[in-house]
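Comments concern the structure below.
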Amino acid sequence: MANQPNDSTNLMEKLVALCKRRGFIFQSSEIYGGLNGCWDYGPLGVELKRNVKAAWWDTIVRQRDDMVGLDCSIIMNPRVWEASGHVSNFNDPLVDCKGCKNRYRADQIFMVAAREGDNVVLSSCVEAGDGDMARQTAAASANSKTRRRLTQKADRLEWAVVRADQLPDGETALCPACGGELTPARKFNMMFKTYVGAMEDSSALAYLRPETAQGIFANFKNVVDTSRIRLPFGIAQIGKAFRNEINPRNFTFRSREFEQMEIEFFCHPSEADKWYAYWRDARFQWYVGLGLQSDKLRLREHDAAELAHYARGCADVEYAFPFGVAELEGVANRTDFDLTQHAEFSGRDLSYYDDQTKERFVPHVIEPSAGADRATLAFLCEAYCEDEAPDDSGKMQPRTVMKFHPRLAPIKVAVFPLVKKDTMPERAAEIHHACRRAGLASFYDEKGAVGRRYRRQDEVGTPWCVTVDGQTLTDGTVTVRDRDSLAQERIAADKVVAYVQAKLAAR
Ligand code: GAP
C-alpha cells in the first residue's frame, strides 16, 4: 500500500530533495547562491511541466471549437497596465520589522489569541496564508504545555485571529520571527519595471507583464476580425508572468517569475452566469482527471466582501498542499470591465456586433486563470509516495515512487536489457528507438541490477518498464512491469509501442 509521509513538513522536505536529486527543479543561478523566488526546471522537470501545459492546451484549445490560442509579448505598451488598473492597484501591503528587519506582506501576518474568559491561553503573531492556517500555525508552534492546555480546553476557548493590516487603530502587529514591532503597512507595487530603448527615463518606462490576461484583451479585436470565430468564444494563452512578490515561499508556489495558463471567455452578458458556472466546474474536473484526488481539492466561492468591485463572481480551485490549502487557479466573472477599460484608454471600439441578432454590445468575460508552476507543484505533491517493492532477490525493500498520471509522467517507458550480452542490448535499443519514433518519451538503461533500474524509474515516475531477457531471444516477448501494481506481463516486443499507446489512451 503506497503512502505519503504523515508529517507534511517532512513530505515537503523530501519532495524538494527529490526534485533536486533527480533533476526536476533547481534553485535559479544556484552556483551564485541562488535568487529568491526564481526556479529552474531540470531535464525531468521541464518534461513534466511541458506535459502539464500540453494537457491544458489540448483540453482548452485543441479539443474545442469555441477556443483559439494566442502568444503575446511580455513587454507591452505601458498604457495597457494603466487601463487594467495594475499601475495604481497592483499593490501588496508591505511591513518591516523594526528589530530584525525582516520584511512581510501585512495581509499574511496574523495576531492570534485564544482565551478562556479573561485568561489568555495563547497569544502569538504568525505568518500564514489565511486565518485558519494562522490558528493552526500558532497552535502548532506553541510550547508543549500550551498545546496541552489548548487541547484540554478546546471546547471552552474563544479564538481571535486578526490580520496585521486590519488591526484597530493604535495596535501594532509583532514580528513572527523576533517579536519586534512592525512598521505600519505601506503599498508596494509588484510590477517589475524596465526601460525600452537607450534612455532610462520615465518616457521609456515599461513593465514585465504581471499576468498574461491583458495581452488577450488588447488583442480581442484582432482575433474577432481575423479568425471568423463568433461569440461565445474564448482566447487562451500560456506564458511567463512576473511579480515582485514581497515574500516568495513554499518552493515554487509563490515565485517572482512563473507561468500562467489563462482563458478569457467572451459571451453575451445574459449568458455570463451560465458560463461562469460551466468554467468553474470544468476547471475543477480538469485537475481531478489528471490525478489530483478530489478530497484534496476544493472549490471555494468568494463571498461578496472578497470580490473586486467589477466582478460578479469568483471561485478558487484550491489544493491541500503539504504546507496548507492554497489556490491553484481562480475563475472569475469579470463582467465587461476589461474591454470597457481598454476601449476607454485606447480610444478603440471594442464592442461586438452579432450579425444574427443585429445587436451590438460589450461582451462579458469569464476568466479561468491557472498557474503552470502551481499545477506542476500540486502534481508533484500528489505523486510522492513511499511503499515497498521486491529487490532482485525478491526481498521487500522501501521505495519512493512518483505516481504521476501517465499523461504527465516525464518518461513514459524505460527499456532495459536484462544483461549486457547475447544481443539483449541491441534488442532493447530497437524497442527504445521504436518508442521514440512513435513520440513516446523513452529511456534506455543498461547499468546495474535490474531491481535498481526499476527503482530509479519509480523515483521519477515512469509508468512502464520493459525488460528484454533470455526468453526474448527465443520467443520475441518482453516483460512489461507496471509502476503502481508492480504486476509484470509478457507481450510481443513489436507490440510495446501499441501497448503503451493503448494504456495512455485509456487514461
Ligand atoms: N489574470 C488573473 C490573475 O492573474 P491571479 O490569481 O493573480 O489572477 C492566477 O493569478 C494564477 O496564477 C494563480 O491562481 C496561481 O496559480 C498563479 N500565480 C499567481 N501568482 C503566482 C506566483 N507568485 N507564483 C506562482 N504562481 C502564481
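In listed order, ligands and their atoms are each counted from 1. Being a predicted model, the structure only gives us computed values, none of them experimental.
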Got the closest protein heavy atom to [atom], with its distance?
atom	answer
atom 25 (C) of ligand 1	F253 O, 3.1 Å
atom 15 (C) of ligand 1	R374 NH1, 3.4 Å
atom 10 (O) of ligand 1	Q260 NE2, 3.4 Å
atom 17 (C) of ligand 1	G371 CA, 3.8 Å
atom 6 (O) of ligand 1	E327 OE2, 3.2 Å

Is the closest N or O pair between [X] and ligand 1 shorter than 3.5 Å?
X	result
L328	yes
R254	no
P210	no
F258	no

Worksheet entry | Where ligand 1 meets E367 - atom numbers and elements under 4.0 angstrom, heavy-atom basis | 1 (N), 2 (C)
Worksheet item: Which of the numbered atoms in ligand 1 are below 4.0 angstrom from a heavy atom of A213?
Response: 1 (N)
Discussion item. Can you check which of A372, A375, S369, S255 brings a heavy atom nearest to atom 9 (C) of ligand 1?
Written reply: S369
Practice prompt. Return the option from E262, E211, R243, M190 holding the heavy atom at the smallest distance from atom 5 (P) of ligand 1.
Written response: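 Comparing heavy atoms across E262, E211, R243, M190, the nearest one to atom 5 (P) of ligand 1 lies in R243.
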Say whether, by atom type as modelled, one donor and one acceptor occur between the side chain of [X] and the main chain of [Y] under 3.5 angstrom.
X	Y	result
R374	E327	yes
D387	D484	no
S351	R360	no

Discussion item. Determine whether E382 and H405 satisfy the following criterion, side chain to side chain donor-acceptor pair (under 3.5 Å), listing intermediate values before the conclusion.
Written reply: CA-CA 10 Å; E382 184 82 31; H405 187 288; over 6 Å; no
Item to complete: Dump the intermediate steps for side chain to side chain donor-acceptor pair (under 3.5 Å) on Y310 and D338, then the final yes or no.
Response: CA-CA 9 Å; Y310 49 79; D338 307 273; 5.8 Å; no
Worksheet item: If we ignore angles and hydrogens, is there a donor and acceptor under 3.5 Å between the side chains of T212 and E262?
Response: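 Looking only at side-chain atoms, E262 and T212 do form a donor-acceptor pair, the distance falling under 3.5 Å.
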Worksheet item: Will you find, in the side chains of H268 and E359, an N or O donor that is under 3.5 Å from an N or O acceptor?
Response: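 Yes, a side-chain donor-acceptor pair sits under 3.5 Å.
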Worksheet item: When the ring centroid of F253 is compared with that of F321, is the distance short of 6.0 Å?
Response: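 Yes: the rings meet the under 6.0 Å criterion.
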Fill in: N-O pairing of E127 and R105 below 4.0 Å
no
